[in-house]
Amino acid sequence: MAYIGGMTADPTYPHLDDAALAALSPETLAVAAGRPERGPDSPVNPSIVLSSTFVGLGGIDQTARGYARFSNPTWEPFEDAVGKLEGAPLPALLFSSGMGAVAAAMSLVPVGGVLVAPRHSYSGTLGLAQLKAERGELDLLEVDIEDTSATVAALDGADVLWVESPTNPMMEVADLPALVAAAKARGVLVVVDNTFSTPLGQKPLAVGADVVVHSATKYLAGHSDVLLGLAVTANETLRARLHQHRTLHGAIAGPVEAWLGLRGLRTLALRVERSQATAGELARRLAEHPAVTRVRYPGLPTDPGHERAAAQFEGFGSIVSIELATAQAADAFVGRLALWLPATSLGGVESTIERRRRHAAEPLSVPEGLVRLSVGIEHADDLWADLKQALDAGL
Ligand SMILES: *Cc1c(COP(=O)(O)O)cnc(C)c1O
């Protein structure tokens, strides 16, 4: 793969081909994939290509670069690396945001078709599905994704099953292998939003899912400085449809953002390792605090999703939801934190926290006093000290 900047590429330099890269552990892959070809004085990172169009005398089709809405050389190393991390034989497709990727994947529901989705899907995903349902473009069946038999029952006559596991912010864990098997048996396409788990936590394509989407804004980029999305599939036809959607709807990433996404990916394993270890520790401490009525974290042995998470995930993730008695108590708690950032979004190096029902779009089944914590890479004791002073202040 000749990335720009590879003008000095020398094929006699030792390098890892695709097969050798596929044999690497994901931690190594996140660092080694998507590098420019090697040669004398070749750069170690891809260059940022700022060009809206590309020179060429021949015809322009799906394979030609042609114009920067079709493709950009700065996207390709990131797309290549994430495709490999998800275990796909094809590169991922980069979008301008997670919702860009979600919209492309949702376009796989045929007009008038049936979409089955978790009632606690990401609010933007649910909002888009509800909008399409209101316009008569599709029928939306909202399910409790934790309840496998109810979800399977909804699959009869369905076209696409959308899965988030764990869900946001309720932290419900789906039985993904059972749901995929049931969907396959009925010819239902499976899309998994893998934002929370990251490819280090679970690889849905390996279980048989058809498409994986990511808000790369979160863990993959990891520094709360860009919005990006990705869609990954092992199926050429599906990839062509997603690519066509991206080209025609125009949700394409800027080259600088794409470069930052790959730059962030390099440290994914370290960030995830640290933040999920800290999340486990904080979840245990929070569960013991009298002001906290419930902790939702699949890493706790008492959590209803624990067994499934232990079987399906590599690690339990860095999102912890806690419940306080009332919305007022939750707002007062968040308002007293000085280290934690009171902000929406998640997956950055900095810890962020918010009461989810402050969003008008949040489903009413999410408790008023639920606070979602996105644990960053700060020291666990500093994060705990801030939480503790805010909880101890009396709510
Ligand atoms: C944030 C998020 C999205 C949307 O991504 P954007 O990058 O904000 O467009 C989709 N799914 C999940 C699970 C998310 O957390």
Side-chain angles (χ1 to χ4, degrees), residues 75 78 82 86 92-107 115 117-131 142 145 160-174 176 191-202 204 209 211-232 242 245-246 249-254 257-258 260-261 264-265 268 272 275 279 296 298 313 317-321 343-348 350-354 356 359 361-363 366 370 372-376:
W75 303 345
F78 191 28
V82 174
E86 287 288 2
L93 287 161
L94 185 63
F95 290 82
S96 55
S97 68
M99 282 309 296
V102 164
M106 209 178 281
S107 78
L115 170 65
R119 64 187 172 132
H120 296 135
S121 300
Y122 174 70
S123 58
T125 303
L126 213 50
L128 182 61
Q130 286 165 350
L131 187 68
E142 292 183 32
I145 203 77
V160 172
L161 168 65
W162 198 276
V163 179
E164 283 185 36
S165 178
T167 59
N168 173 21
M170 297 293 268
M171 305 306 291
E172 298 140 331
V173 181
L176 187 62
V191 178
V192 177
D193 184 330
N194 206 23
T195 301
F196 270 41
S197 284
T198 84
L200 303 180
Q202 70 176 341
V211 178
V212 168
V213 294
H214 280 281
S215 169
T217 309
K218 316 293 169 51
Y219 291 99
L220 301 187
H223 294 72
S224 308
D225 50 8
V226 284
L227 277 93
L228 287 169
L230 288 146
V232 198
L242 295 166
H245 188 280
R246 182 179 72 179
H249 289 74
I252 57 150
E257 286 78 359
L260 282 168
L265 186 74
L268 177 69
V272 165
S275 63
R296 295 172 178 268
F313 303 155
S318 324
I319 304 293
V320 181
S321 288
T344 197
S345 198
L346 54 104
E350 56 290 286
S351 295
T352 54
I353 190 162
E354 71 169 339
R356 284 299 297 178
H359 294 274
E362 196 72 355
V366 173
L370 184 143
R372 187 187 70 193
L373 291 78
S374 170
V375 180

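In listed order, ligands and their atoms are each counted from 1. Being a predicted model, the structure only gives us computed values, none of them experimental.
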Quiz item: Can you find a pair of side-chain heavy atoms, one from Met106 and one from Leu115, that are under 4.5 Å apart?
Solution: yes
Self-check item: For atom 7 (O) of ligand 1, the protein heavy atom that lies nearest, with its residue and separation
Solution: Thr217 OG1, 2.6 Å
Quiz prompt | Close N or O approach (Asp193, ligand 1; < 3.5 Å) | solution = yes
Quiz prompt | For atom 14 (C) of ligand 1, closest protein heavy-atom neighbour | solution = Lys218 NZ, 3.0 Å
Quiz prompt | Thr352 (side chain) donor-acceptor with Ser345 (main chain) under 3.5 angstrom | solution = yes
Exercise. For ligand 1, find out whether one of its N or O atoms is nearer than 3.5 Å to an N or O atom of Glu164.
Key: no
Quiz prompt | Pairwise side-chain contact, Thr344 with Arg372, heavy-atom cut-off 4.5 Å (strictly under) | solution = yes
Exercise. Decide whether an N or O pair under 3.5 Å exists between Gly98 and ligand 1.
Key: yes
Quiz prompt | Val213 side chain near Phe95 side chain, heavy-atom distance below 4.5 Å | solution = no
Quiz prompt | Element-labelled atoms of ligand 1 that are located less than 4.0 Å from some non-hydrogen atom of Met99 | solution = 4 (C), 5 (O), 6 (P), 9 (O)
Practice problem: Check for a donor-acceptor pair, side chain of Glu86 on one end and backbone N or O of Ala92 on the other, with a separation under 3.5 Å. | Solution: no
Practice problem: May I ask you to check if ligand 1 and Phe196 share an N or O to N or O distance below 3.5 Å? | Solution: no
Quiz item: Are Glu257 and Ser96 close enough that some pair of their side-chain heavy atoms sits under 4.5 Å apart?
Solution: no
Quiz item: Which atoms of ligand 1 have any heavy atom of Ser97 under 4.0 Å away?
Solution: 7 (O), 9 (O)
Quiz prompt | atom 5 (O) of ligand 1: nearest protein contact (heavy atom, Å) | solution = Ser215 OG, 2.9 Å
Exercise. Please say whether Asn168 places an N or O atom under 3.5 Å from an N or O atom belonging to ligand 1.
Key: no
Quiz item: Do Ile145 and His120 come within less than 4.5 Å of each other through their side chains, counting heavy atoms only?
Solution: no
Quiz item: Do Ser121 side-chain atoms and Pro118 backbone N/O form a donor-acceptor pair below 3.5 Å?
Solution: yes
Self-check item: Protein residue, atom and distance nearest to atom 8 (O) of ligand 1, heavy-atom basis
Solution: Tyr122 OH, 3.9 Å
